[in-house]
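Below is one structure; the comments refer to it alone.
Predicted model only: the values in this text are computed from it and were never measured.
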Amino acid sequence: MKKSILLTIFDLSVFGGTERAVINLTKMFQACNVNITILSFYKQNEILYFQIPENIQIKYIGNTPPRHENSLFYKNKYLKFFKYAYLSLKWSKFINSFDVVISNDYDILIPLLKNKKTKYIKILHGNYTNTYKSCKVLNFFDTIVILCSKEIDFYKKYFHKQIEIIPNFLPKIPNISSNLNNKIVLAVGRFSHEKGFLRLIEIWEILQKKESYYEEWTLHIVGDGYLKKEIQEKINKKNLQKSIILKPFTKEIEKEYLKASIYAMTSYYEGFPMVLLESFSYQIPAIAFDINTGPSDIIDNEKSGFLIKDGDLNEFANKLCLLMDDENLRKEFGKNAKAKVEENFSSQQILKLWKSVLKI
């Protein structure tokens, strides 16, 4: 009899790294002859940004998610716990009918009533300091999966002993690459505070003031979210409308990667950023702040890109200029970037780790 796997997520209908990672997991597990279902607690958009593989069943609980981080719901941890506990109990019969439950939401699923035959796994898509430091529900799960090794000691000390390290991956590595000769810098992500797009605008302003040559370059920011208006207002205030272009999320994101010559990540914190893997797969060198987790697990400093001390906007601008000035350096870094993805983050490599955990 086929093993059944349930993947839960906060909202499958939004565009983000976690949502992309869940779809990638379904594609990978399909090769293992298992039955897969996705349970999305919310669905605020009718059209899904990501293509769902065939034979995947999707269930939705509600339509309108709570408001963003400034709402009372997010500020009151007791309100959150009881709300999520109620949802988990209400859906426990359905959830417990699977052999394996893999939670990809941050803290919404709380397996209070367990089936002894079901294995409950939690994937931590964020980092300890910014996302899971106060997340006590981790102890309800049998196994915790983290995406990188940097913070494993924290989790072992405060939450859990059964911890596996399994990074994100790309289900398919493209056989085409950017030619790296377009004067375009790319950034992709949700328009929320943690992605740091407001400080990316400040970096771009520093760069544009250096030499007239850099005025020929444009910064494309692809995304959407509650900070969109504030980001556009800052662009207008600094008179950068001609060189910074905001673009909506698109299902044809490959076109954006193929036009780009440099990828810029200015996040304040990350888990394991899929956009860096994707940009590397198109042979694009990257620059990122060396934050707690994420970029340093993917970028080899001065080999496939640059890691910048967090908050040093001037040095970030300097390294952007260095790559803008030197097409050969971009190609050298880009070649190393693609090789890194092929060697470490292919579905074949990561599937071996998951098979060990799932016993399939």
Side-chain angles (χ1 to χ4, degrees), residues 1-23 25-26 29 34-50 52-53 55-126 131-145 159-160 162 190 226 271 357-358:
M1 187 174 179
K2 287 185 179 180
K3 182 167 286 190
S4 60
I5 298 176
L6 175 70
L7 294 103
T8 72
I9 189 167
F10 187 84
D11 188 346
L12 188 65
S13 72
V14 301
F15 188 109
T18 301
E19 294 71 35
R20 188 188 289 108
V22 168
I23 300 303
L25 280 173
T26 66
F29 290 151
V34 297
N35 292 320
I36 306 167
T37 302
I38 300 175
L39 176 64
S40 179
F41 287 91
Y42 298 100
K43 184 184 182 183
Q44 58 182 309
N45 300 305
E46 283 302 316
I47 299 176
L48 299 183
Y49 288 102
F50 302 105
I52 308 298
N55 303 321
I56 300 299
Q57 184 179 12
I58 306 175
K59 286 188 174 292
Y60 297 94
I61 292 179
N63 292 325
T64 307
R67 298 295 178 184
H68 62 72
E69 293 89 340
N70 293 325
S71 69
L72 176 64
F73 180 86
Y74 274 93
K75 290 180 179 179
N76 191 315
K77 61 182 180 180
Y78 299 106
L79 180 62
K80 285 177 67 176
F81 178 85
F82 286 115
K83 166 77 172 181
Y84 291 158
Y86 169 76
L87 283 175
S88 298
L89 288 171
K90 184 178 180 180
W91 282 79
S92 61
K93 185 176 180 180
F94 173 77
I95 292 169
N96 293 340
S97 66
F98 291 84
D99 296 309
V100 180
V101 176
I102 303 176
S103 170
N104 294 273
D105 49 81
Y106 283 102
D107 54 5
I108 190 168
L109 177 64
I110 307 172
L112 297 171
L113 296 179
K114 293 184 177 182
N115 178 355
K116 291 182 179 179
K117 296 181 180 180
T118 300
K119 184 170 185 176
Y120 302 88
I121 300 173
K122 180 82 166 178
I123 303 180
L124 306 187
H125 292 276
T131 309
Y132 294 106
K133 191 173 183 179
S134 60
C135 185
K136 303 302 181 184
V137 303
L138 298 184
N139 291 318
F140 288 94
F141 291 85
D142 301 316
T143 302
I144 300 298
V145 172
F159 293 113
H160 219 280
Q162 185 60 39
R190 197 170 297 161
Y226 67 88
V357 172
L358 299 177

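Between Leu109 and Trp91, every side-chain heavy-atom pair lies at or beyond the 4.5 Å cut-off. Under the 4.5 Å side-chain criterion, counting only non-hydrogen atoms from C-beta, Asp142 is not in contact with Ile121. Arg190 is listed as a side-chain neighbour of Val14, based on a closest heavy-atom distance under 4.5 Å. Counting heavy atoms from C-beta outward, Tyr84 and Asp105 have side chains that stay 4.5 Å or more apart. Using a 4.5 Å heavy-atom threshold, the side chains of Tyr49 and Glu19 count as separate.
Looking only at distances, a side-chain donor or acceptor of Tyr120 sits under 3.5 Å from a matching main-chain atom of Asn115. Judged by distance alone, the side chain of Asn104 and the main-chain N or O of Ile102 form a donor-acceptor pair under 3.5 Å. Judged purely by atom type and a 3.5 angstrom limit, Lys119 uses its side chain to pair as donor or acceptor with the backbone of Val357. A donor-acceptor pair under 3.5 Å links the side-chain atoms of Asp11 to the main chain of Ser13, judged by distance alone.
For the residue pair Asn35 / Ser4, no side-chain donor-acceptor distance below 3.5 Å is found, with atom types taken as modelled.
Taking all atoms of both residues into account, the shortest heavy-atom contact from Phe10 to Ser40 is O-OG, 3.8 Å. The minimum heavy-atom distance linking Lys3 with Val34 is given by the pair O-CB, 3.2 Å.
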request  = For Thr118 and Leu6, run side-chain contact (heavy atoms from CB on, under 4.5 Å): C-alpha distance rounded to whole Å, both residues' side-chain angles, the deciding distance at 0.1 Å, then the answer.
outcome  = CA-CA 10 Å; Thr118 300; Leu6 175 70; over 6 Å; no
ask   = Given Phe50 and Val22, is the side-chain contact (heavy atoms from CB on, under 4.5 Å) satisfied, shown in steps?
value = CA-CA 10 Å; Phe50 302 105; Val22 168; over 6 Å; no
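Considering CG of Leu138 and CD1 of Ile110, their distance stands at 10.5 Å, rounded to 0.5 Å. We find the CD1-CG distance between Ile61 and Leu39 to be 4.5 Å, quoted to the nearest 0.5 Å. Here the straight-line distance linking atom NZ of Lys117 with atom OG of Ser97 works out to 13.0 Å at 0.5 Å rounding. In this structure, Gln57 CD and Ile38 CD1 are separated by 10.5 Å, a value rounded to the nearest 0.5 Å. In this structure, the separation between NZ on Lys93 and CG on Leu113 is 13.0 Å, given to the nearest 0.5 Å.
Residues forming a ring pair (Phe, Tyr, Trp, His ring centres under 6.0 Å) with Phe140 (at least two apart in sequence, or on another chain): none. Taking the side chain to side chain donor-acceptor pair (under 3.5 Å) definition, one finds that Ser88 meets it with nothing, sequence neighbours left out.
Under the side chain to side chain contact (heavy atoms under 4.5 Å, CB included) rule, Val101 has a single partner from Asn96, Thr37, Thr8, Ile5, which is Thr8. Remark: of the listed residues Thr26, Ile23, Ile123, Thr26 is the sole one forming a side chain to side chain contact (heavy atoms under 4.5 Å, CB included) with Leu7.
The local environment of CZ in Phe94 is crowded, with over 12 non-hydrogen atoms from other residues, nucleotides or ligands closer than 6.0 Å.
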